[in-house]
Amino acid sequence: MREDYQVLIDEVTALLGTPATLENRDFGLIAFGAHEGEGDEEDGALLMDPVRTRSILQRRSTARVRAWFESFGITRAVEPVRIPPDPSAGVLRGRICVPVRHGGVVLGYIWLLDDGALELSDPRLADVQAVARRIGALLADESRAGARRGELLCALLTAAPGHRAAAELAEAELAGELGPVAAGPLAVVAVVPWAGEAEAETEGRSAAAPGIPGAVAMCAVPGTEGLAVLVRLRTPGGTDPARTAAERLLRSPRAGAAAGIGEPCTGLGGVPGAWRQALAAARAARAESRFGPVARWDRIGPYRLLALLARPSGPPSAAGAPDPSVRALLEPAHREMARTAEAFLDCAGQAGRTAALLGVHRQTLYYRLSRVEQLTGLDLDDGEDRLLLHMALKTARLLG
């Protein structure tokens with residue numbers, strides 16, 4: 001699919017003699033045409049305004065640029081639209097936008113840098129519109145295939161433990177959709193939280209999401225507030241494509257601030273487990289900034305164990321309830337006491353290190369620790385009580 005889009009956008013570039021860019025309806029870059037001037041320092045400066053540079057390098061435009069373009073009615077247009085420059089938004093050169101439509105729906109846009117010489121009545125633009133219709137058909141086919149893959153991935157990830165037959169059926173059907181890719185190597189990426197259904201975006205549930213190289217299936221997973229992305233890896237242990245996919249997804253307005261990557265797997269059988277790992281890693285990254293914004297399962301330390309222990313197995317209210325020992329400590333009025341206790345335990349109970357970390361006098365630290373013991377009923381000189389408190393505080397952070 002990516003090669004088809006590139007061939008078609010190169011056709012437009014050659015037809016008009018000006019570099020064309022293809023973006024999806026959310027302004028995510030799909031393909032762009034090169035131009036001889038872009039290799040020349042002087043001519044390139046004229047061609048590469050900040051918006052085009054950002055689109056190519058970061059594969060997405062800013063919200064301000066998007067609002068400027070959409071203010072000219074491109075989401076409803078059926079004919080090419082001329083858009084003037086807006087230097088305040090970084091649009092130093094005007095554009096001609098050719099909507100990419102299929103079945104009455106805008107699926108993307110072809111962008112042409114406008115030097116004022118091309119009239120909207122130019123017959124070559126009719127040829128560009130014909131190319132746009134071919135691109136629209138490709139995007140529609142891809143969207144339908146992607147939606148099916150997303151449904152099957154969701155079925156595989158949400159199959160009840162006692163319903164192995166349902167999981168096996170979803171796995172077999174997804175393998176049929178993916179073809180040789182299903183044999184792996186694969187990685188699962190989790191993005192949390194994710195606002196709304198993945199299918200609401202062109203990128204969501206796409207067979208090979210525009211702007212997300214290597215992504216072969218996506219779905220919003222009910223009950224997790226997360227987006228699951230199945231990514232094709234180049235080598236069994238190389239997770240770089242998964243990290244790239246995660247970083248691109250985090251730029252989406254629907255994405256939260258964290259993503260996680262599970263251990264690579266061979267075949268679809270390991271995908272549910274890799275999803276749980278990815279989700280745990282994403283939650284760890286959300287809880288601890290030192291892990292994020294993209295965390296790998298094998299690098300989140302004790303949160304691997306805590307995530308397994310904290311995984312919901314009953315009603316949501318029960319799953320999210322803190323351990324009784326820390327309920328009082330976690331009240332807003334005692335936030336400083338909780339922070340002190342966690343720092344003390346992170347420092348292996350060394351008072352000097354803890355006081356320095358918190359920037360307080362030792363006597364202040366001792367007073368706070370005595371208050372922690374009063375609030376929790378735990379003895380900080382007891383190893384098991386320390387372990388319980390440390391795990392309870394970290395779990396509360398993970399689920400917070």
Side-chain angles (χ1 to χ4, degrees), residues 143 145-164 166-171 173-175 177-178 182 186-207 209 212 214-232 242 245-246 248-250 252-265 268-287 292-297 300 303-304 307-308 310-317 319-320 398-400:
S143 179
R148 179 57 180 160
R149 293 183 184 185
E151 291 170 0
L152 292 171
L153 177 61
C154 188
L156 178 60
L157 298 182
T158 58
H163 294 75
R164 180 59 189 163
E168 289 176 348
L169 178 60
E171 182 181 329
E173 290 192 32
L174 182 56
E177 290 284 335
L178 294 177
L186 300 164
V188 180
V189 171
V191 180
V192 294
W194 185 263
E197 290 294 326
E199 61 202 21
E201 286 198 359
T202 301
E203 292 175 350
R205 295 191 178 181
S206 167
I212 312 294
V216 297
M218 294 184 180
C219 68
V221 183
T224 68
E225 298 183 344
L227 176 77
V229 188
L230 189 61
V231 179
R232 179 178 65 250
R248 296 267 173 84
L249 284 160
L250 287 176
S252 167
R254 293 181 176 273
I261 303 171
E263 289 186 326
C265 51
L268 298 177
V271 166
W275 159 246
R276 291 190 290 271
Q277 293 173 349
L279 187 60
R283 287 172 171 165
R286 193 177 176 190
V294 181
R296 280 174 35 176
W297 163 258
I300 60 173
Y303 281 95
R304 293 196 299 270
L308 295 176
R311 194 168 68 204
S313 57
S317 59
L398 185 66
L399 297 177

*In chain order, what residues pass the side chain to side chain donor-acceptor pair (under 3.5 Å) check against E173, with sequence neighbours excluded?*
R148
*Closest non-hydrogen atom pair between L227 and A220, with its separation*: CD1-N, 3.9 Å
*Got V192 and E225 here, is their nearest side-chain heavy-atom distance under 4.5 Å?*
no
*Listed partners of A295 passing side chain to side chain contact (heavy atoms under 4.5 Å, CB included), at least two apart*: A281, A285, F291, I300
*Between W297 and E263, which heavy-atom pair has the shortest distance, and what is it?*
CD1-CG, 3.6 Å
*For T224, what residues pass the side chain to side chain contact (heavy atoms under 4.5 Å, CB included) criterion, not counting sequence neighbours?*
V221, W275, L279, R283
*Which pair of non-hydrogen atoms, one from L250 and one from G256, has the smallest distance, and what is that distance?*
CD2-O, 3.5 Å
*P264: what forms a side chain to side chain contact (heavy atoms under 4.5 Å, CB included) with it, not counting sequence neighbours?*
L233, T239
*Distance-minimising heavy-atom pair for L156 and A170*: N-CB, 3.8 Å
_Any non-hydrogen side-chain atom of L268 less than 4.5 Å from a side-chain atom of L178?_
yes
*Report the residues that fulfil side chain to side chain donor-acceptor pair (under 3.5 Å) with R296, sequence neighbours left out, ordered by chain and then residue number.*
D298
*List for me each residue that meets side chain to side chain contact (heavy atoms under 4.5 Å, CB included) alongside A159, sequence neighbours excluded, and say none if there are none.*
A167
_For L153 and V271: C-alpha separation, side-chain torsions, deciding distance, then whether side-chain contact (heavy atoms from CB on, under 4.5 Å) applies._
CA-CA 9 Å; L153 177 61; V271 166; 4.0 Å; yes
_Counting C-beta onward and ignoring hydrogens, is there a side-chain heavy-atom pair between R149 and L230 closer than 4.5 Å?_
no
*If you look at every heavy atom in A182 and A175, which pair is closest and at what distance?*
CB-CA, 3.8 Å
*Run through V188, V216, V189 and flag the one making a side chain to side chain contact (heavy atoms under 4.5 Å, CB included) with V229.*
V189
*How far apart are the closest heavy atoms of G150 and C219, and which atoms are they?*
O-CB, 3.3 Å
